[in-house]
*Asks:* 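Once you've had a glance at the structure underneath, I'll fire off some questions.
Just the heavy atoms: all of them, side chains too, but no hydrogens, waters or symmetry mates, feed the values below.
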Number of protein chains: 4
Amino acid sequence: MEPDTGRFETYSDGVFAIAATLLVLEFSVTSGHDLGHQLLHLWPSYLAYVTSFVTIGIIWMNHHHTVSLIGRSDRTFLFINNLLLLTVAFLPFPTGLVGTYLQRDGEQAAALAYAGTLVVMAALHQVWWGYARVNRRLIADGTPDSALRAVDRAYVPGVPMYGAVFLLAFFSPLAAVVLTFAIAAFYLPSAALFDR
Amino acid sequence: MEPDTGRFETYSDGVFAIAATLLVLEFSVTSGHDLGHQLLHLWPSYLAYVTSFVTIGIIWMNHHHTVSLIGRSDRTFLFINNLLLLTVAFLPFPTGLVGTYLQRDGEQAAALAYAGTLVVMAALHQVWWGYARVNRRLIADGTPDSALRAVDRAYVPGVPMYGAVFLLAFFSPLAAVVLTFAIAAFYLPSAALFDR
Amino acid sequence: MEPDTGRFETYSDGVFAIAATLLVLEFSVTSGHDLGHQLLHLWPSYLAYVTSFVTIGIIWMNHHHTVSLIGRSDRTFLFINNLLLLTVAFLPFPTGLVGTYLQRDGEQAAALAYAGTLVVMAALHQVWWGYARVNRRLIADGTPDSALRAVDRAYVPGVPMYGAVFLLAFFSPLAAVVLTFAIAAFYLPSAALFDR
Amino acid sequence: MEPDTGRFETYSDGVFAIAATLLVLEFSVTSGHDLGHQLLHLWPSYLAYVTSFVTIGIIWMNHHHTVSLIGRSDRTFLFINNLLLLTVAFLPFPTGLVGTYLQRDGEQAAALAYAGTLVVMAALHQVWWGYARVNRRLIADGTPDSALRAVDRAYVPGVPMYGAVFLLAFFSPLAAVVLTFAIAAFYLPSAALFDR
């Protein structure tokens with residue numbers, strides 16, 4: 001019996017939405033200090049929150065669109081999908097690190113953890129899609145080649161882009177996070193699949 | 001290919017429900033003090049919790065109703081929708097600040113953060129709806145004009161109302177939160193879309 | 001336009017499932033003490049967790065069943081539904097208090113907060129159902145009277161039962177929690193709607 | 001009236017996805033220490049996170065598949081299902097203990113708590129399935145016997161396997177967690193139901 005893809009979509013959708021909404025738990029303030037001052041100095045947390053929330057939103061849409069092209073699934077595909085969700089669900093932790101450590105001791109480690117998570121996520125996206133696409137293994141019948149190529153174009157640049165973020169984090173953690181934000185705000189939407 | 005709106009509804013519904021349910025995590029007590037006394041003095045947290053929970057519930061219903069009038073979506077609309085969700089998912093943080101700081105040092109900053117979040121959320125609601133409505137860009141065929149005008153009436157007062165809350169927060173943070181509660185309890189239901 | 005009930009079911013289902021799953025966050029241990037010893041002495045937390053998880057599961061099933069009898073909804077009903085969800089989503093906080101304070105100073109306040117939340121929840125259930133049922137206001141056409149009476153029997157004992165828990169909490173907080181557990185384990189399933 | 005199984009699937013799916021996504025909240029770092037050093041020394045947390053996330057993902061798929069063979073449900077079955085969800089939702093707590101205590105004082109208690117939770121979960125899975133399967137009590141008409149035997153093969157080894165993990169935890173907590181990981185990575189997928 002080949003499972004319908006609806007089986008893992010509910011679960012995947014849930015993990016994406018929950019991971020995005022849990023990001024807010026990384027904000028915190030300390031009592032005994034001026035609150036207004038603290039809220040202004042939380043800007044690294046705001047930057048990290050917006051970057052991760054927008055990123056998760058867009059990769060959710062790409063994930064959702066890609067699944068619509070997939071007509072069947074198998075054990076390996078579901079296992080890769082699960083690993084992909086594992087990295088998405090992990091994102092609140094490095095996001096919180098960036099918010100806490102940016103512009104302080106430890107900012108390089110925080111930015112590397114953040115960028116590293118994104119590199120792994122992008123790589124798993126490509127493995128996930130590649131597994132389904134090779135010889136149209138899991139592709140729904142009647143899907144035009146152009147639709148497959150559009151998905152290729154969305155996933156292929158992920159690893160080099162987030163790899164560049166990772167390298168940049170060695171020199172300027174802040175610049176690395178800003179580049180991640182720029183990717184989420186400008187690149188991802190333009191490459192996104194959701195209005196093709 | 002124009003995506004069906006169902007694609008982003010699951011994700012949006014999830015974010016609204018999770019954000020509302022995460023509000024409870026902002027409650028906390030300190031060991032070593034009389035618990036009964038502490039629970040009574042948590043009233044700012046109860047007020048903030050009820051206000052935010054009711055507000056999220058009603059804007060979810062408006063969001064859900066509005067989406068039912070929308071027949072297609074595009075990249076820009078989905079991006080605005082994502083920013084809207086970002087502000088909804090952020091609400092537990094300023095709600096927690098209001099609960100912790102009301103009637104203490106820092107209450108003005110807490111109330112301003114809370115009201116500011118609501119102003120941004122109301123503004124994004126209007127941009128979101130305006131984008132879909134202009135020239136019936138994304139409106140489902142056959143939707144009567146009266147249904148569009150009902151949505152207008154629900155979203156237009158948001159920015160001035162929460163703007164008033166923001167201004168009031170400079171003078172009386174408590175009054176600002178009470179006004180937000182009154183809007184959620186009295187105004188929003190009467191302007192709400194869900195039984196039109 | 002009368003909204004279909006599906007509109008608020010997704011949101012309600014989400015809040016119930018999230019509230020139940022957030023209960024686990026109330027567990028905590030302190031470093032520097034023997035972990036095995038601590039885990040054994042966490043039994044009030046285990047008792048509170050199991051009690052609340054089972055309770056939420058059963059009231060979710062009753063809620064879900066009741067909604068299946070409802071054919072339309074209106075503004076007031078949705079507002080009451082939202083207040084009901086608000087109390088369900090609040091439950092992790094008093095559950096955590098019971099887990100932390102049982103058998104310590106403050107146990108009475110913790111048990112009263114817990115029982116009080118359950119009384120309010122039971123009362124809102126009855127208001128919610130009563131509003132829909134009076135003159136079959138929101139009941140789906142063709143629903144037999146026997147189905148309505150089954151729901152009556154499920155909701156009517158809630159307030160007196162949890163009222164008894166509340167009173168018991170003044171004398172023995174532990175007994176009050178045990179009674180709540182017994183209600184969840186024995187009474188609720190027998191009165192439950194889900195296999196009528 | 002016999003409830004359709006869809007009734008409890010939404011709730012179950014939600015609990016699985018939320019429990020998996022909450023696992024990330026168990027990560028934490030302490031300020032005042034070198035962050036890079038801390039992130040490298042968090043490996044017990046990474047191991048525990050990956051193990052639990054992959055385990056929950058696979059048992060969700062088995063749960064989901066099994067439910068597709070079930071044509072009706074009753075009070076007892078739903079009660080057992082609820083207890084099953086209770087153990088799944090509890091998993092983030094012992095996962096966090098393993099992450100915090102592995103290779104430190106208390107590691108045995110942490111690994112026993114983790115393995116014990118998995119044993120209970122596996123036992124409840126078997127009770128849950130056994131109840132539905134005996135005399136095909138709740139099995140959908142027309143389900144072939146081979147499909148039932150496939151489910152048997154997936155659930156029967158659970159208790160002995162996790163029982164072995166439990167015993168191993170007395171000798172080597174680390175080995176017990178690694179065995180749990182190996183079960184999730186190698187055994188469960190091969191025994192899994194999702195591509196039968």
Side-chain angles (χ1 to χ4, degrees), chain B residues 9-10 12-40 42 45-46 49-58 60-65 67-69 143-144 146-147 150 184-186 188-196, chain C residues 1-4 6-23 25-26 30 72-98 100-102 104-114 116-117 138 173:
Chain B
E9 263 191 276
T10 331
S12 304
D13 285 358
V15 170
F16 276 97
I18 303 157
T21 319
L22 288 182
L23 290 168
V24 75
L25 300 181
E26 304 296 339
F27 286 97
S28 70
V29 293
T30 347
S31 63
H33 296 76
D34 178 64
L35 181 62
H37 186 261
Q38 278 191 78
L39 290 178
L40 295 177
L42 274 180
S45 290
Y46 304 133
Y49 174 76
V50 172
T51 301
S52 289
F53 198 98
V54 173
T55 301
I56 292 178
I58 290 174
W60 173 75
M61 286 191 265
N62 282 341
H63 188 274
H64 208 83
H65 171 78
V67 167
S68 75
L69 305 180
T143 306
S146 62
F186 303 111
L188 289 186
S190 75
L193 297 159
F194 44 79
D195 64 342
R196 301 269 161 117
Chain C
M1 193 188 85
E2 284 177 337
D4 60 308
R7 184 171 305 177
F8 67 94
E9 263 191 276
T10 332
Y11 187 77
S12 304
D13 285 358
V15 170
F16 276 96
I18 303 157
T21 319
L22 288 183
L23 290 168
L25 299 181
E26 304 295 340
T30 347
R72 50 196 171 276
S73 69
D74 66 14
R75 184 183 304 183
T76 309
F77 185 69
L78 289 168
F79 197 77
I80 303 169
N81 188 64
N82 207 2
L83 292 180
L84 188 54
L85 297 177
L86 186 156
T87 56
V88 172
F90 183 69
L91 214 50
F93 176 57
T95 303
L97 293 177
V98 165
T100 308
Y101 286 93
L102 209 62
R104 295 194 196 172
D105 267 6
E107 61 172 355
Q108 196 188 62
L112 288 174
Y114 191 51
T117 304
L138 306 176

*Asks:* Answer yes or no: does atom CG of B/D34 have more than 12 heavy-atom neighbours from other residues, nucleotides or ligands under 6.0 Å?
*Replies:* yes
*Asks:* With only heavy atoms counted, which part of C/A110 is less than 4.5 Å from chain B, the side chain, the backbone, both or neither?
*Replies:* both
*Asks:* Does any non-hydrogen side-chain atom of C/L97 lie less than 4.5 Å from one of B/F27?
*Replies:* no
*Asks:* Measure distances from C/A19 to the heavy atoms of chain B and classify the residue's part below 4.5 Å as side chain, backbone, both or neither.
*Replies:* both
*Asks:* In terms of heavy-atom proximity below 4.5 Å to chain C, should B/L25 be classed as side chain, backbone, both, or neither?
*Replies:* side chain
*Asks:* Of all heavy-atom pairs between B/I58 and C/F79, which one has the smallest distance, and what is that distance?
*Replies:* CD1-CE1, 4.1 Å
*Asks:* Could you tell me which portion of C/N82 (side chain, backbone, both or neither) has an atom closer than 4.5 angstrom to a non-hydrogen atom of chain B?
*Replies:* both
*Asks:* Which bit of B/L39 comes within less than 4.5 Å of chain C, counting heavy atoms only: side chain, backbone, both or neither?
*Replies:* side chain
*Asks:* Could you report the tightest heavy-atom contact between C/Y11 and B/A20, atom names first, then the distance?
*Replies:* OH-CB, 3.4 Å
*Asks:* Nearest 0.5 angstrom please: C/T10 OG1 to B/H64 NE2, how far?
*Replies:* 5.0 Å
*Asks:* Applying side chain to side chain donor-acceptor pair (under 3.5 Å), can you list everything that pairs with C/T100, at least two apart in sequence or on another chain?
*Replies:* none
*Asks:* How many angstroms lie between CG in B/L22 and CD1 in C/I18, if you round to the nearest 0.5 Å?
*Replies:* 7.5 Å
*Asks:* Please list every donor-acceptor pair under 3.5 Å in which a side-chain atom of residues 84-96 of chain C meets a protein atom from a residue at least two apart or in another chain.
*Replies:*
{"unit_1": "C/T87", "atom_1": "OG1", "unit_2": "C/L84", "atom_2": "O", "d": "2.7"}
{"unit_1": "C/T95", "atom_1": "OG1", "unit_2": "C/S52", "atom_2": "OG", "d": "2.6"}
{"unit_1": "C/T95", "atom_1": "OG1", "unit_2": "C/L91", "atom_2": "O", "d": "2.7"}

*Asks:* If I take atom CG from residue B/D13 and atom CD from residue C/E9, how far apart are they, to the nearest 0.5 angstrom?
*Replies:* 12.5 Å
*Asks:* Do C/L83 and B/V54 touch side chain to side chain, with heavy atoms closer than 4.5 Å?
*Replies:* yes
*Asks:* Counting only heavy atoms closer than 4.5 Å, note whether B/L40 contacts chain C via side chain, backbone, both or neither.
*Replies:* neither
